[in-house]
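Nothing here was measured: the structure is a model prediction, and the numbers come from that model. These values consider heavy atoms only, across backbone and side chains, with no hydrogens, waters or symmetry-generated copies. For reference, positions follow the sequence shown, starting with 1.
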Amino acid sequence: MPAYRHPVSSKLPAVGTTIFTVMSRLAQEHNAINLSQGFPDFECAPALRALIPKYFNAGLNQYPPMAGVMALREIIAEKSAALYGTAYDPEHEITVVPGATYGIFTAVTAFVRPGDEVIVFEPAYDSYVPAIEVNGGKPVYVRLQYPAYSIDWQAVARAITPKTRMLILNTPNNPTASVFSAEDMRALEGLLRGTDIVVVSDEVYEHLIYDGAEHQSVSRFAGLAERSFVVSSFGKTYSVTGWKMGYVLAPKELMTEFRKVHQFNVFVANGPLQHVLAEHMKDRDAYLSLADFYQKKRDFFLAELADSRFRPLPSRGTFFQNLAYKAITGELDRDLAVRLTREKGIASIPLSAFYHDAHCDRVLRFCFAKSEQTLARGAAILRAL
Ligand code: PMP
Ligand code: GLN
């Protein structure tokens, strides 16, 4: 190494390595059961895998159109119209992207200027705040109310100022596993009426919602759809988190600005995979059956934890189960998550990682997108604590 060291002035001085990487690495080092980072430990559907050779051997290996393969955009439009009642124009209002993280980042970059305020609910998925800050924006935090993680809409009203450019929401919510109700959405619609605030609605868990609840997409509410980016991820829906594929919906005038950034950031998402997904999406049951599939996993995990000293918080959506541990120890959640990984062989995510001030309600997040065998082994360790 040369002697010169660059005097870096970081654009993200407070940012370290994401908690998902930290905990998955620690789990691997200690050979622990990894219920931390959210990803399935099982293969995606054989029908989906079977389409891969077909489309990678079909002469489709050059750039697809900038906004995405039309067949995929068309079937996405059909799906959202059928499920949520809003018609998005595939030509101007749907863009296929390399993952939801990218979709969120691009929407923020297209709209947030230095000094703009962006409302985020805490605990917040960890990519939101860095996306805001690297663009010079200022996150304005509204805390969800433990233990139901409900929203105080008056606090949201107080957080809105003339500088508010954007609001980011996420339902079903990671990491709290709570979901927005129709009343929540109507409250938000009312608050934003008459403003020019843009909404980024992270809906990557749209199909993972339990106990008969319905996903409240912003696209169901005219007063929200007209100002919103809806972000979805094929990674969650089809158990292919490593593919990094997703899509974004927005009215034309918003999507035009989104594509100005998109075309110079990545230009296009993987082409052959878009054809694979377009064909696979014809099978509606593949996503409509997900709620049942994951609800069974949640219930299995909870049944295995029945006589543990952890207190399960409601998991109404996502593939996460939060467990409150006050009855077991007074340790901070980060310390406990690390200790359980090292000493007991089970990895989880501390919820304080999702608060800017490391607020700690003594809750750990466990991912149940795992085989029953893995969940049973994990629960056995937790029951013994
Ligand atoms: N938002 C939330 C709430 C998530 O949990 C995740 C996933 N892991 C993402 C966005 C990112 O999805 P993707 O892997 O498609 O970028
Ligand atoms: N969304 C996943 C989770 O919440 C992880 C994604 C990532 O590792 N970046 O665990």
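Checking side-chain atoms of Asp283 against main-chain N and O of Asp285 turns up a donor-acceptor pair under 3.5 Å. Looking at Asp89, its side chain does come within 3.5 Å of a backbone N or O of Glu91 through a donor-acceptor pair. Judged by distance alone, the side chain of Arg227 and the main-chain N or O of Val198 form no donor-acceptor pair under 3.5 Å. At least one donor-acceptor pair under 3.5 Å links the side chain of Asn170 to the backbone N or O of Asp202. Listed for the Asp333 side chain is no donor-acceptor partner under 3.5 Å among the backbone atoms of Asp335. Panel note: side chain Asp292, backbone Ser289; no donor-acceptor pair is recorded below 3.5 Å. A side-chain donor-acceptor contact under 3.5 Å links Arg73 to the backbone of Gly68. Side-chain atoms of Arg113 never come within 3.5 Å of backbone atoms of Gly136 as a donor-acceptor pair (strictly under, hydrogens ignored). Between the Thr195 side chain and the Leu191 main chain, no donor and acceptor come within less than 3.5 Å of each other. A side-chain donor-acceptor contact under 3.5 Å links Asn322 to the backbone of Thr176.
Residues Glu122 and His359 form no side-chain contact, since every pair of their non-hydrogen atoms from C-beta on lies 4.5 Å or further apart. When side chains are defined from C-beta on, Thr374 counts as touching Leu35, because their heavy atoms get closer than 4.5 Å. Inter-residue side-chain proximity for Thr341 and Met23 is flagged as met; some heavy-atom pair is nearer than 4.5 Å. Side-chain contact between Asn34 and Asp41 is absent, with no heavy atoms from C-beta onward closer than 4.5 Å. Contact of the Arg298 side chain with the Gln321 side chain is registered, since non-hydrogen atoms from C-beta on lie closer than 4.5 Å. Put simply, the side chain of Ser228 does not reach to within 4.5 Å of the side chain of Val200, judged on heavy atoms.
Residues Leu144 and Val140 are members of one and the same hydrophobic cluster, defined by side-chain heavy-atom contacts under 4.5 angstrom among Ile, Leu, Val, Met, Phe, Trp and Tyr. At a threshold of 4.5 Å between side-chain heavy atoms, the hydrophobic network of Ile, Leu, Val, Met, Phe, Trp and Tyr places Val134 and Val108 in two separate groups. Hydrophobic clustering (side-chain heavy atoms under 4.5 Å, transitive across Ile, Leu, Val, Met, Phe, Trp, Tyr) keeps Tyr102 apart from Val15. Taken together through direct or relayed side-chain contacts under 4.5 Å among Ile, Leu, Val, Met, Phe, Trp and Tyr, Leu273 and Tyr55 form part of one hydrophobic cluster. Two different hydrophobic clusters hold Leu364 and Phe20 under the rule that ILVMFWY side chains link at heavy-atom gaps under 4.5 Å.
Remark: Lys297 does not engage Glu372 in a salt bridge, criterion side-chain N to carboxylate O under 4.0 Å. A salt bridge links Lys260 to Glu257: at least one charged side-chain nitrogen sits closer than 4.0 Å to a carboxylate oxygen. Remark: Asp361 does not engage Arg143 in a salt bridge, criterion side-chain N to carboxylate O under 4.0 Å. A salt bridge links Glu43 with Arg49: the closest approach of a Lys/Arg side-chain nitrogen to an acidic carboxylate oxygen falls below 4.0 angstrom.
Between Tyr238 and Phe234, the angle of the ring planes stays under 30°, which puts this pair in the parallel group of the 30/60° scheme. By the 30° and 60° cut-offs, the orientation of the rings of Tyr146 relative to Tyr149 is perpendicular. Classification of the His215-Tyr84 ring pair by plane angle, with boundaries at 30° and 60°, yields perpendicular. Between Phe258 and Phe229, the ring-plane angle classifies as tilted under the 30° and 60° cut-offs.
The OG atom of Ser80 lies 11.5 Å from the CZ atom of Arg220; values are rounded to the nearest 0.5 Å. Taking NE2 from His262 and CE from Met255, the interatomic distance works out to 9.0 Å, rounded to the nearest 0.5 Å. In this structure, CD1 on Ile132 lies 4.0 Å from CD1 on Ile168, to the nearest 0.5 angstrom. For the atom pair CD1 (Ile349) and CZ (Arg334), the distance works out to 9.0 Å, reported to the nearest 0.5 Å. The line from CG of Leu249 to OH of Tyr247 is 6.0 Å long, rounded to the nearest 0.5 Å. Between Ser239 atom OG and Leu290 atom CG the span is 7.0 Å, to the nearest 0.5 Å.
Summarising the local packing, NZ of Lys326 is surrounded by more than 12 heavy atoms from other residues, nucleotides or ligands at distances under 6.0 Å. Atom NZ of Lys344 has 12 or fewer heavy atoms from other residues, nucleotides or ligands within 6.0 Å. Atom CZ of Arg316 has 12 or fewer neighbouring heavy atoms from other residues, nucleotides or ligands inside a 6.0 Å radius. Shown here is Asp357, whose CG atom has more than 12 heavy atoms of other residues, nucleotides or ligands within 6.0 Å.
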Full working for ring pair (Phe, Tyr, Trp, His ring centres under 6.0 Å) between Phe354 and Tyr125:
CA-CA 6 Å; Phe354 303 100; Tyr125 184 63; 7.2 Å; no
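Cation-pi contact between Arg365 and Phe320: present, with separation from the ring centre below 6.0 Å and deviation from the ring axis of at most 45°. Judged by the 6.0 Å distance and 45° axis criteria, Lys79 is positioned over the aromatic ring of Tyr287.
Partner of Glu206 under the side chain to side chain donor-acceptor pair (under 3.5 Å) criterion, chosen from Ser217, Ser233, Ser232: Ser232. Screening Tyr205, Phe39, Phe368 for a ring pair (Phe, Tyr, Trp, His ring centres under 6.0 Å) involving Phe319 leaves a single residue, Tyr205.
Scanning both residues, Ala100 and Val204, for their nearest heavy atoms gives CB-CG1, 3.3 Å.
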